[in-house]
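The block underneath contains the structure these notes are about, expressed in structure tokens.
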2 protein chains.
Amino acid sequence: MDNKDRQIIRALQQDGRMTNQELAEAVNLSPSPCLRRVRNLEAKGIIRGYSADADAAACGLAITVFVRIRLERHNETDVQNFERRMQMIEDVLECHVLTGAMDYQLRVLVPDLEAYENFIRHRIHPIGGIASIDTSFVYGTVKRTAVFPLSD
Amino acid sequence: MDNKDRQIIRALQQDGRMTNQELAEAVNLSPSPCLRRVRNLEAKGIIRGYSADADAAACGLAITVFVRIRLERHNETDVQNFERRMQMIEDVLECHVLTGAMDYQLRVLVPDLEAYENFIRHRIHPIGGIASIDTSFVYGTVKRTAVFPLSD
DNA sequence: CCCGAATTGGCAGTATCTGCCAATAGTTAC
DNA sequence: GTAACTATTGGCAGATACTGCCAATTCGGG
């Protein structure tokens, strides 16, 4: 993992569909070694995958919510159960464990407020063992990038 | 924006580098109209771009932090100043405006705790006009996907 | 300075992309 | 019901890009 690899990662974070030739040019390599480095980063799991960044509102998902959840009990069974449920719920795009009071933070995407209410009532509450739920709606997005702060 | 478009979006969210031929097969189209639909979604801004999903820890960015910030004043000047600064700071990968007490939530990526302290002291505090900062470190990630909950 | 290992660059066969045109499917008016 | 119109599709072909192989180069260590 040298500077070239970091340059490759940043370039592919900025444009994940650039051709290998463009990428090679961007990092001052010829196409062959460039492609080999990319494949190597993929094989090592340093590049996990690629994805399209789509406009949620245009897809009818107008509301983004950050939900913070605290569990009543933190024994292995309840924690595993909760995390397994998170994997299954499509509306949950992200679920992080936070330091502090053993909190989770979810990023949830729903079409409207009614769908959010249904999400809480029919997806979250039935899990059980939940001590508290704190909801923050996203009003606007000032910045959103995939590019890491790497000094190259 | 019909079902085919939604299928295309979901497929490209799952694998942003799949070839047009694979994509065409996945959504039951021949390559030509499939590519035209993709280009159309891109032109309309529904697909904003593509990016590689890289392992931050492997890149030396071990610490992810969610930072919640409240401003002292919410006049146009101070808000614009703050948001302009957010754009400039590389460590800030996301900055959302939240409902409620006119809060911001940042997702920040740093190599270590010392770098986080420097980030707060030298990047955030100098902005001025900040009423409070609340830090939540990410302990683990249960789920992280780019795929929208679309019923197709 | 020389040797060995790792990385690079070029080449060529294969696969993919993409603009163009005819064919098809879906819709509206009568 | 049908004719005409529109939007979308599928196929073709030239251009572009991918990728495995081998020789050349670079970089460290002795």
Side-chain angles (χ1 to χ4, degrees), chain A residues 1-61 111 145-152, chain B residues 1-61 111 145-152:
Chain A
M1 176 80 151
D2 55 8
N3 277 357
K4 278 272 183 288
D5 283 339
R6 278 185 281 273
Q7 284 179 13
I8 287 173
I9 288 169
R10 278 171 62 101
L12 288 175
Q13 285 176 333
Q14 291 178 283
D15 178 6
R17 269 193 92 104
M18 71 197 305
T19 65
N20 184 54
Q21 298 204 348
E22 291 167 333
L23 178 60
E25 195 173 351
V27 302
N28 284 315
L29 274 175
S30 68
S32 316
C34 183
L35 183 64
R36 229 164 323 160
R37 279 172 177 272
V38 172
R39 292 286 177 266
N40 188 37
L41 289 168
E42 290 168 352
K44 281 186 178 152
I46 296 175
I47 293 179
R48 295 198 199 93
Y50 304 86
S51 66
D53 169 26
D55 182 335
C59 295
L61 298 163
T145 179
V147 184
F148 286 172
L150 299 175
S151 34
D152 286 347
Chain B
M1 177 81 151
D2 54 10
N3 278 357
K4 279 271 183 289
D5 283 338
R6 277 186 282 273
Q7 285 177 13
I8 287 173
I9 288 169
R10 277 171 64 102
L12 287 176
Q13 284 176 331
Q14 289 177 284
D15 178 6
R17 270 194 92 105
M18 72 198 303
T19 65
N20 184 54
Q21 299 204 346
E22 291 166 332
L23 178 61
E25 195 173 351
V27 301
N28 285 314
L29 274 176
S30 69
S32 313
C34 183
L35 182 65
R36 227 163 326 155
R37 278 171 177 273
V38 172
R39 293 286 177 268
N40 188 35
L41 289 168
E42 290 168 353
K44 281 186 178 152
I46 296 175
I47 293 179
R48 295 199 199 90
Y50 303 86
S51 66
D53 169 27
D55 182 336
C59 295
L61 297 163
T145 178
V147 183
F148 286 172
L150 299 176
S151 35
D152 285 347

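Every chain is numbered from 1 and lettered A, B, ... according to where its sequence line falls, protein lines coming before strand lines. These numbers come from the heavy atoms of this one structure, side chains and all, not from hydrogens, waters or symmetry mates. In this text, all values refer to a predicted model and were calculated from it rather than measured experimentally.
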Among all residues two or more places apart in sequence or in another chain, which pass the salt bridge (Lys or Arg N to Asp or Glu O under 4.0 Å) test with A:Asp15?
-> none
In numerical order, the residues of residues 34-47 of chain B whose heavy atoms come under 4.0 Å of DNA chain D are B:Arg36, B:Arg37
Between CG of A:Asp2 and C1' of C:dT8 the distance, given in whole Å, is 13 Å
Acceptor/donor pairs from residues 40-47 of chain A side chains to any protein atom, 3.5 angstrom cut, sequence neighbours excluded:
from    : atom 1 : to      : atom 2 : distance (Å)
A:Glu42 : OE1    : A:Arg39 : NH1    : 3.3
A:Glu42 : OE2    : A:Tyr50 : OH     : 2.6

Considering all heavy atoms of both residues, which atom of B:Ala52 and which atom of A:Gln13 are nearest to each other, and what is their separation?
-> O-CG, 3.6 Å
A:Pro111: partners by side chain to side chain contact (heavy atoms under 4.5 Å, CB included), with sequence neighbours left out = A:Leu61, A:Ala115
To the nearest angstrom, the CZ-P distance between B:Arg17 and C:dC17 comes to 11 Å
Overall bend of the helix from C:dC1-D:dG30 to C:dC30-D:dG1 (five pairs an end, 10° steps) is 40°
Stretch residues 19-26 of chain A: residues that reach within less than 4.0 Å of DNA chain D through a heavy atom | A:Thr19, A:Asn20, A:Gln21
Heavy atoms only: give me the nearest A:Cys59-B:Ile9 pair and the separation to one decimal.
-> SG-CD1, 3.7 Å
Any residue meeting side chain to side chain contact (heavy atoms under 4.5 Å, CB included) with A:Thr145, in chain and number order, not counting sequence neighbours = A:Lys143, A:Val147, B:Leu93
For atom CG of A:Asp5 and atom C1' of C:dT7, their distance in whole Å | 12 Å
I'd like a table of donor-acceptor pairs (distance under 3.5 Å, sequence neighbours excluded) in which one partner is a side-chain atom from residues 22-34 of chain A, with atom names and distances.
from    : atom 1 : to      : atom 2 : distance (Å)
A:Glu22 : OE1    : A:Thr19 : N      : 2.9
A:Glu22 : OE1    : A:Thr19 : OG1    : 3.4

Over all atoms of both residues, closest heavy-atom pair of B:Phe148 and A:Ala56 | CE1-CA, 3.5 Å
Before giving the answer on side chain to side chain contact (heavy atoms under 4.5 Å, CB included), spell out for B:Arg17 and A:Leu12 the whole-Å C-alpha distance, their side-chain angles and the decisive distance to 0.1 Å.
-> CA-CA 11 Å; B:Arg17 270 194 92 105; A:Leu12 288 175; 3.5 Å; yes
In the 5' to 3' direction, the nucleotides of DNA chain D bounding the stretch that comes under 4.0 Å of a heavy atom in chain A are D:dA17 to D:dG20
Side chain to side chain donor-acceptor pair (under 3.5 Å) partners of A:Arg36, counting only residues at least two apart | none
Residues B:Met1 and A:Ala58: closest non-hydrogen pair is CE-O, 3.6 Å
Applying side chain to side chain donor-acceptor pair (under 3.5 Å) to B:Arg37 and not counting sequence neighbours gives B:Asp2, B:Asp5
Keeping to residues at least two apart or across chains, list the salt bridge (Lys or Arg N to Asp or Glu O under 4.0 Å) pairs with something in residues 45-57 of chain B.
-> A:Arg48-B:Asp53, A:Arg48-B:Asp55, A:Asp53-B:Arg48, A:Asp55-B:Arg48
